[in-house]
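Right, one structure below, let's go through it.
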Amino acid sequence: MIQMGIVDDLKQELQSAKSERHWYENDWQDYVTYTAPDMERAFNRPGGIVVTDGMSVFHRSAARERSRKLYDPTAVWLLDRLASGVGSLTMPEGFNWHGVGFGDPFSPPPGQEDEEFFELVRDHLFRVRYAGRSGFALANRSRLLSTVKLGTGVLFPIENETNLADIRTPIHYRYVPLYEIFLVVDAQGNDCGFFRVRTLKAWQAVKEYDGNVSQKVKDDAEDPKRKSSEYRFVHACFLREGGFEEAADIRKSRYESIHFEEESGHACRRGGYFEYPLVISRWDRDGLSPYGSPPQAKLMSDIKSLQSLARDGLIASSQAVRPPIATHRQERQLDLNPGRTNPGLIDEQGRPLFRPMLETVNPGAADAQIENIREKLRVGLYGDLWQTLLEGNGRTATEVNIRRKEMADMIGPFSTNIMSGNEVLFEREVGILGRRGAFAPGSPLVPPKSVLESDVTLTSTAPIDQMREAGHFEAIMGFQEYLGIAAQADPAIADLHDRVEEYDLTRRSLGLPAKLKRRPEEVEALRQKRTEEAAQQQQLATGESLAKMAKDGAPLLKTLGEEEGGLDGLALP
C-alpha cells in the first residue's frame, strides 16, 4: 500500500511536468518541422505531439512527414554545420577534450606526481568511453545534435550491472530522446529529478525488468499473438528523503529511482543512484527553465518567411513554365508534349482558341528577399564564421589567429554551457569506477595522498579552450622578443623573469602532457651532475694552466738566478 501511494504521487507529479512542458513542445514542433527534420520524429507531426512517447510515428512513413514544409534547406544545412563545428571544437573523437584537476579554485597548482595521476585517470576514462561496446560515440553525437537543434541534449551513463567483471565496459552510454524525458529543477535551477516515459513491447518489458511486471504484461508476453502489445513504463528519479552524498548503501543514496507501469501502477524496480544519473547539456538557458533554447529560436520568423517565399517562388516557376491554359471550348483537350498536333484549336483567321491565363509571372521576383533572409541566417547561425575559416587561404598567421579567437569568443559562451554538463558525466564515471575498485590500493590508478585529501573535477582542454590559451603562448613569444632586446641594454632585467614558470605556462597553453616535464628530483640530479662536471672541468683547466705556467717560467727563473745570484736572497742550485 505504501508503494502504491508513492506511485500515485509520482503519477500526479508526472502530469504536472507534462503540463509545464506543453509550451516547449509547441516550439520543438516548429524546430523539427522547419530546421531539424532528422531529429525526434515524435515532434514532427502535422498536429503536434500525438503521443508523448513518439512510438506511433514509426507506423507511418517518416520520410513523407519529415520534409512536408521544407522548401529551402538553408537553416538545416547551417545547423548541421554548426553541430559539426561545435562538436569538433568541444568534444572531437580521437582527442582528449578534457583533463582532470583539483576542484578547489584556491588549491595550489598540481605537482608533477599529481599531474601524471590526473593524466592516467583521463586516459583511462577515454578508453572506457570509446570502447566498442560502450556506445558513447553514437550517444554523445546524438546528445550534441539535440543540444544544437532543439536546445537540450540528454546522455544517460548506465552502470554495467550484468557483468561486474567487465573492466573494458563498466559503463554503457545511452542517448535519451527529448520526447521521452521530463526534467525537474529546484528553485535555483539545478537538476534534481526527472521522469522518463517509454513504450515497450510486452516481451521487451519482461526482459527489461526480469519478469517483475504485472500479470497482464506477462500473459501478453507469453502469447505469440500479443507479445508485441505496447505498454508505457515510467522511470522516476528524485532526491531521496534522508539520503546523503557519501552514502555507501544504495538504500541511503542521494537519489531514489522507481520504475513502474503507467496504467496499472505496478512497481517494476526500485533502487537509487549515488550521483545524478543524467548528463544534460543546453545551448542557451532562459532563466531557470529546465530546458534550453536552440540558436534558431530567435530566427524562426525569418525561417518561416523563407519557407513561404521559397514555396511561392517554386509555384511561380512552375506557372511560368507550365501556366494554366484557357481554351475556347470546355471539351477541348490540349496535348502540350513536344511535336504533338492539336487539331481544331485555331479559327479560320489562324488565331489560337487557347491562351495562357497568367502572362506576367516573374519567378525571380522574390530572389533578392530570399537572399537577404539567407544572409541573416548565415550570420545568426554562425555560418559566415565557419565559411571565413574555410576560405582562409592567403591570410597571414596573425589574421588566422584573429579569426580563431573571434570564433572562440562567439561560440565560447555556448560551448561552456555544453561542457558544463560533462562535470556531471565525470562525477558519474568516477563514482562507478571507484565503487569497482579502480582507485583502491594496488590498482594502477591508486591516487597520491595529495589527491585523496582534495576535491577533483574535470578541466576542459578542448580545441576551443586551446584557442583561448593560444593567446598566452603568443604573448609569451612576444615577451621573449622584448626581453632579448631589453637585456642587451640592461642584462639585470633578465633577473626579473622566471623561466621555470614560463616553461610551465607554455606547456599548459599548448596542451602538452605532464610526462614531458621531468620530476623535481630528476631535475635536481641533472643540475648536480652538471655542477660536478663543471667543477671537474674547472679543476682540469686550473691544473693545466699551472703546469703550463711552471713549464714556461722555469727557463726565466734559471736565467735570473745566474745573472743576479738568486732571487730574494735564495741561491739557485
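Reckoned from all heavy atoms, side chains included, excluding hydrogens, waters and symmetry mates.
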| message | A side-chain contact here means heavy atoms from C-beta on lying under 4.5 Å apart; do I158 and I171 qualify? | response | no

| Ring geometry between F233 and Y231 (parallel below 30°, tilted from 30 to 60°, perpendicular above 60°) | perpendicular

| message | I need the Q538 CD to T531 OG1 distance, nearest 0.5 Å. | response | 13.0 Å

| Any I6 side-chain heavy atom under 4.5 Å of R270 side chain | yes

| said: Under a 3.5 Å distance rule, please check whether S253 uses its side chain to pair with a backbone N or O of F274 as donor and acceptor. | reply: no

| said: Looking at R141 and G87, would you say the former's side chain and the latter's main chain have a donor-acceptor pair under 3.5 Å? | reply: no

| query | How close do T152 and G292 get, heavy atom to heavy atom, and via which atoms? | reply | OG1-N, 2.7 Å

| query | Quick check: are there more than 12 heavy atoms from other residues, nucleotides or ligands sitting under 6.0 Å from CD of E481? | reply | no

| Does the side chain of F194 reach to within under 4.5 Å of the side chain of P277, using non-hydrogen atoms? | yes

| query | Closest heavy-atom contact between V424 and V279? | reply | C-CG2, 4.5 Å

| query | Is a side-chain donor or acceptor of R122 paired with a backbone partner of F126 at a separation under 3.5 angstrom? | reply | no

| Does a donor on one side chain and an acceptor on the other come within less than 3.5 Å for R282 and T147? | no

| Residue pair E261 / S264, side-chain donor-acceptor N/O under 3.5 Å | yes

| request: Could you tell me which non-hydrogen atom of Q296 sits nearest to which non-hydrogen atom of K149, and how far apart they are? | output: NE2-O, 2.8 Å

| query | Does a side-chain N-to-carboxylate-O contact under 4.0 Å join E275 and R435? | reply | yes

| query | If you round to the nearest 0.5 Å, how far is OG of S281 from CG of L144? | reply | 7.0 Å

| query | Can you find a pair of side-chain heavy atoms, one from L178 and one from I181, that are under 4.5 Å apart? | reply | yes

| query | Where the side chain of S289 meets the backbone of Y291, is there a donor-acceptor pair that is under 3.5 Å apart? | reply | yes

| request: Please name the pair of heavy atoms, one in T461 and one in G99, separated by the smallest distance, quoted to 0.1 Å. | output: OG1-N, 3.7 Å

| task | Measure the SG-NE2 distance between C237 and H259 for me, rounded to the nearest 0.5 Å. | result | 9.0 Å

| said: When you measure from the side chain of R269 to the backbone of E208, do you find a donor-acceptor pair of N or O atoms at a distance under 3.5 Å? | reply: yes

| field | Short side-chain to backbone donor-acceptor contact, S229 and A202, under 3.5 Å | value | no

| Please walk me through it: do H235 and F195 pass side chain to side chain contact (heavy atoms under 4.5 Å, CB included)? | CA-CA 6 Å; H235 177 197; F195 293 92; over 6 Å; no

| Any ion pair linking E180 and R196 (charged N to carboxylate O, less than 4.0 Å)? | yes

| query | Are Q537 and E533 linked by a side-chain donor-acceptor pair shorter than 3.5 Å? | reply | no

| query | From D27 CG over to Y24 OH, what is the distance, rounded to the nearest 0.5 angstrom? | reply | 9.0 Å

| Does the N212 side chain pair with the main chain of C268, one donor and one acceptor, at a distance under 3.5 Å? | yes

| said: I'd like to know if the side chain of D104 reaches the main chain of F106, judged simply by a donor and an acceptor atom lying under 3.5 Å from each other, with no hydrogens or angles considered. | reply: yes

| task | Without swapping roles, check the side chain of N422 against the backbone of L425 for a donor-acceptor pair under 3.5 Å. | result | no

| message | Is the ring pair F156/Y273 parallel, tilted or perpendicular, if the boundaries are 30 and 60 degrees? | response | perpendicular

| task | May I have the step-by-step check of side chain to side chain contact (heavy atoms under 4.5 Å, CB included) for Y173 and V128, ending in yes or no? | result | CA-CA 10 Å; Y173 301 87; V128 168; 4.0 Å; yes

| remark: ring-ring contact (aromatic ring centres under 6.0 Å, His included) filter on Y276, not counting sequence neighbours, yields Y255

| said: In the structure I gave you, are the side-chain heavy atoms of H98 and L125 within less than 4.5 Å of one another anywhere? | reply: yes

| remark: In terms of heavy-atom contacts, V446 and P441 come closest through CG2-CA, 4.2 Å

| query | Heavy atoms, side chains only, cut-off 4.5 Å: are V184 and F238 in contact? | reply | no

| field | Qualifying residue, where the test is side chain to side chain contact (heavy atoms under 4.5 Å, CB included) with E262 and the options are V234, V7, L10, T199 | value | V234

| Y209 side, atom OH; L200 side, atom CG - distance, nearest 0.5 Å | 6.0 Å

| How long is the gap from CZ on F118 to OG1 on T457, to the nearest 0.5 Å? | 10.0 Å

| request: Kindly indicate whether the side chain of F426, heavy atoms from C-beta on, has any atom under 4.5 Å from the side chain of V456. | output: yes

| Looking only at side chains, do S450 and D114 share a donor and an acceptor under 3.5 Å apart? | yes

| Full working for side chain to side chain contact (heavy atoms under 4.5 Å, CB included) between V86 and W283 | CA-CA 11 Å; V86 170; W283 178 262; 4.0 Å; yes

| query | In a check of salt bridge (Lys or Arg N to Asp or Glu O under 4.0 Å) between E159 and each of R436, R428, R174, which one passes? | reply | R436

| Test item: side-chain donor near acceptor, H172 and S134, under 3.5 Å | no

| request: Take L458 and V100, measure what side chain to side chain contact (heavy atoms under 4.5 Å, CB included) needs, and give me the verdict at the end. | output: CA-CA 5 Å; L458 174 148; V100 182; over 6 Å; no

| query | Nearest heavy-atom pair of L155 and R143: which atoms, and what distance? | reply | CB-CD, 4.0 Å

| request: Give the intermediate values and the outcome of side-chain hydrogen bond (donor to acceptor under 3.5 Å, both in side chains) for residues E532 and Q536. | output: CA-CA 6 Å; E532 293 175 355; Q536 292 176 1; 5.6 Å; no

| said: Tell me if a side-chain donor or acceptor on S146 pairs with a main-chain N or O of S142 at a distance below 3.5 Å. | reply: no

| query | Considering residues, nucleotides and ligands other than K216, do more than 12 of their heavy atoms fall under 6.0 Å from its NZ? | reply | no

| task | Decide if atom CD of E263 counts as having more than 12 heavy atoms of other residues, nucleotides or ligands within a radius under 6.0 Å. | result | no

| task | State, yes or no, whether a side-chain contact exists between D123 and R127 at a heavy-atom distance under 4.5 Å. | result | yes

| So, Q215 versus D219: side-chain donor-acceptor pair below 3.5 Å or not? | yes

